[in-house]
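All of these numbers come straight from a predicted model, not from anything done at the bench.
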Amino acid sequence: KFGLRNESPSSGGAVRSRRGFLVGACMFGRAAVDASCISKGDVEINNVLLFILVRKRTIGSGTWQLKGNAAESKKTNSIDMLHGPLAKKIVLFSIPLAITSILQQLLNSTDAVFAGQWLGGDALAAVGGVAPIISLFVAVFVGLSVGVNVVIAVHIGHDDIDKIKGAVQTSAAAAVVCSLVLAVAGVLSTDFILAAVNMPAEAWAEGAQYLHVYFIGIVFLVIYNFGSAVLRAKGDTRRPLYALAIAAVLNIAFDYAAV
């Protein structure tokens with residue numbers, strides 16, 4: 001439940017009230033169930049629905065405001081989903097999410113293009129053969145980040161600064177620990193993964209090399225997804241897009257340099 005304050009001019013004082021919103025449980029449950037197969041479209045829908053449910057309400061002549069919301073809004077990358085009409089804000093919030101989804105899918109596709117055009121069939125088979133494994137890891141990270149998004153967004157809606165800081169610090173620590181564990185486990189299990197996807201013998205060495213590079217750099221992917229979830233929780237979908245766009249350009253540059 002969210003603690004709200006009615007600041008009606010005619011009331012002469014603040015009258016506290018409670019309004020319950022069924023947000024966290026249902027969405028975090030979905031993230032847990034769909035962690036291995038969640039699509040980026042589901043994440044966009046969940047983000048939009050979450051902000052709709054925690055938005056500001058106007059009742060009669062009084063204005064319902066979140067506790068502690070005394071400062072005026074400043075021009076930032078964030079979109080204030082708690083106040084005012086939602087239609088335009090939902091569009092502005094969703095467009096960067098859609099572009100981010102496209103860019104994230106293009107990272108592996110770019111590797112496949114360079115491998116096929118400049119390195120030959122074996123390299124293309126190596127990149128394409130491990131693509132389902134990489135997609136699985138991306139789906140898991142996105143699913144986990146949805147849980148982070150929900151928790152922080154609920155605390156922002158409740159205007160609980162201490163819990164917001166705690167959730168951000170916890171998510172940062174979890175991102176670092178998870179990425180290190182996955183990096184070590186992934187490098188050690190490379191041969192098992194290649195055998196599981198039935199990698200051809202002639203592409204085995206290239207596939208192992210590609211997976212090693214991916215798992216060593218997985219820390220950046222995990223931190224990006226968790227950091228993006230924190231920013232999106234407060235309505236900022238632009239900076240995650242900017243960061244991923246820079247990563248996509250660097251990926252192309254490094255691919256070109258490597259071949």
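- Counting side-chain heavy-atom gaps under 4.5 Å among Ile, Leu, Val, Met, Phe, Trp and Tyr, Tyr242 is found in no cluster with other residues.
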Practice item. Determine, step by step, whether Leu103 and Leu241 satisfy the side-chain contact (heavy atoms from CB on, under 4.5 Å) criterion, reporting the C-alpha distance in whole Å, the side-chain angles of both residues, the deciding distance to 0.1 Å, and the verdict. Key: CA-CA 9 Å; Leu103 287 177; Leu241 173 60; 3.8 Å; yes
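- Taking each heavy atom of Ile218 and Leu182 in turn, the nearest pair found is CD1-CB, 4.3 Å.
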Practice item. Quick one: do Val130 and Met199 satisfy side-chain contact (heavy atoms from CB on, under 4.5 Å)? Show the steps, please. Key: CA-CA 8 Å; Val130 300; Met199 181 66 67; 3.8 Å; yes
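- For the pairing with Val168, the side chain to side chain contact (heavy atoms under 4.5 Å, CB included) check across Val151, Val230, Val148 returns one residue only, Val230.
- Linking ILVMFWY side-chain heavy atoms closer than 4.5 Å, directly or via other members, places Phe226 and Val140 in a single hydrophobic cluster.
- Side chains of Thr237 and Ile95 form no contact here, defined as non-hydrogen atoms less than 4.5 Å apart.
- Sorted by first then second residue, the side chain to side chain donor-acceptor pair (under 3.5 Å) pairs that include residues 209-219, not counting sequence neighbours, are Asn108-Tyr210, Asp111-Tyr210, Thr190-His212.
- Criterion: ILVMFWY side-chain heavy atoms under 4.5 Å apart, direct or through other members. Under it, Val222 and Ile193 are part of a common hydrophobic cluster.
- The shortest non-hydrogen separation linking Ala229 to Ser145 is CB-O, 3.2 Å.
- If you chain together ILVMFWY residues whose side-chain heavy atoms come under 4.5 Å of each other, Val213 ends up in a group of its own.
- The NZ atom of Lys88 sits 13.5 Å away from atom CD1 of Ile90, with the distance rounded to the nearest 0.5 Å.
- Counting all heavy atoms, side chain and backbone alike, Phe93 lies closest to Arg232 at CE1-O, 3.9 Å.
- In the hydrophobic cluster analysis, where Ile, Leu, Val, Met, Phe, Trp and Tyr join through side-chain heavy atoms closer than 4.5 angstrom, Leu119 is grouped together with Tyr256.
- When all heavy atoms of Ala126 and Ala203 are compared, the closest pair comes out as CB-O, 3.7 Å.
- Atom OG of Ser171 sits about 10.5 Å away from atom CD1 of Ile223, to the nearest 0.5 Å.
- A distance of 6.0 Å separates OH in Tyr224 from CD in Gln104, rounded to the nearest 0.5 Å.
- Ile79 is not listed as a side-chain neighbour of Asp236, based on a closest heavy-atom distance of 4.5 Å or more.
- The minimum heavy-atom distance linking Ala185 with Ser189 is given by the pair O-OG, 2.6 Å.
- Both Val127 and Trp204 are members of a single hydrophobic cluster when ILVMFWY side chains are connected at heavy-atom separations under 4.5 Å.
- Here Arg238 contributes atom CZ and Ile99 contributes atom CD1; the two are 11.0 Å apart, rounded to the nearest 0.5 Å.
- Other residues sharing the hydrophobic cluster of Leu188, ordered by chain and number and joined by side-chain separations under 4.5 Å: Val184.
- Using a distance-only test at 3.5 Å, with no hydrogens or angles considered, no donor-acceptor pair links the side chain of Ser94 to the main chain of Val91.
- Residues Ala153 and Ala233 approach most closely at N-CB, 3.7 Å, considering heavy atoms.
- Side chain of Ser101 to main chain of Leu97: no donor-acceptor pair is present (N/O by atom type, distance under 3.5 Å, no hydrogens or angles).
- For the atom pair CG (Asn149) and CG (Leu144), the distance works out to 12.5 Å, reported to the nearest 0.5 Å.
- Between Val113 and Ser109 there is no side-chain heavy-atom pair separated by less than 4.5 Å.
- For residues 169-199, there are no ring-ring contact (aromatic ring centres under 6.0 Å, His included) pairs, not counting sequence neighbours.
- Asn225 places a side-chain heavy atom less than 4.5 Å from the side chain of Val142.
- Going from atom CD1 of Ile164 over to atom NZ of Lys234 covers 10.5 Å, rounded to the nearest 0.5 Å.
- Val219 is not connected to Ile134 by any chain of hydrophobic side-chain contacts under 4.5 Å among Ile, Leu, Val, Met, Phe, Trp and Tyr, and they are in different clusters.
- Legend: ring-ring contact (aromatic ring centres under 6.0 Å, His included) pairs involving residues 108-138, not counting sequence neighbours, sorted by first then second residue: Phe114-Trp118, Phe137-Phe215.
- Side chains of Ile133 and Val197 form a contact here, defined as non-hydrogen atoms less than 4.5 Å apart.
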Practice item. Decide yes or no on side-chain contact (heavy atoms from CB on, under 4.5 Å) for Leu211 and Leu194, but give the supporting numbers first. Key: CA-CA 9 Å; Leu211 279 180; Leu194 294 177; 3.8 Å; yes
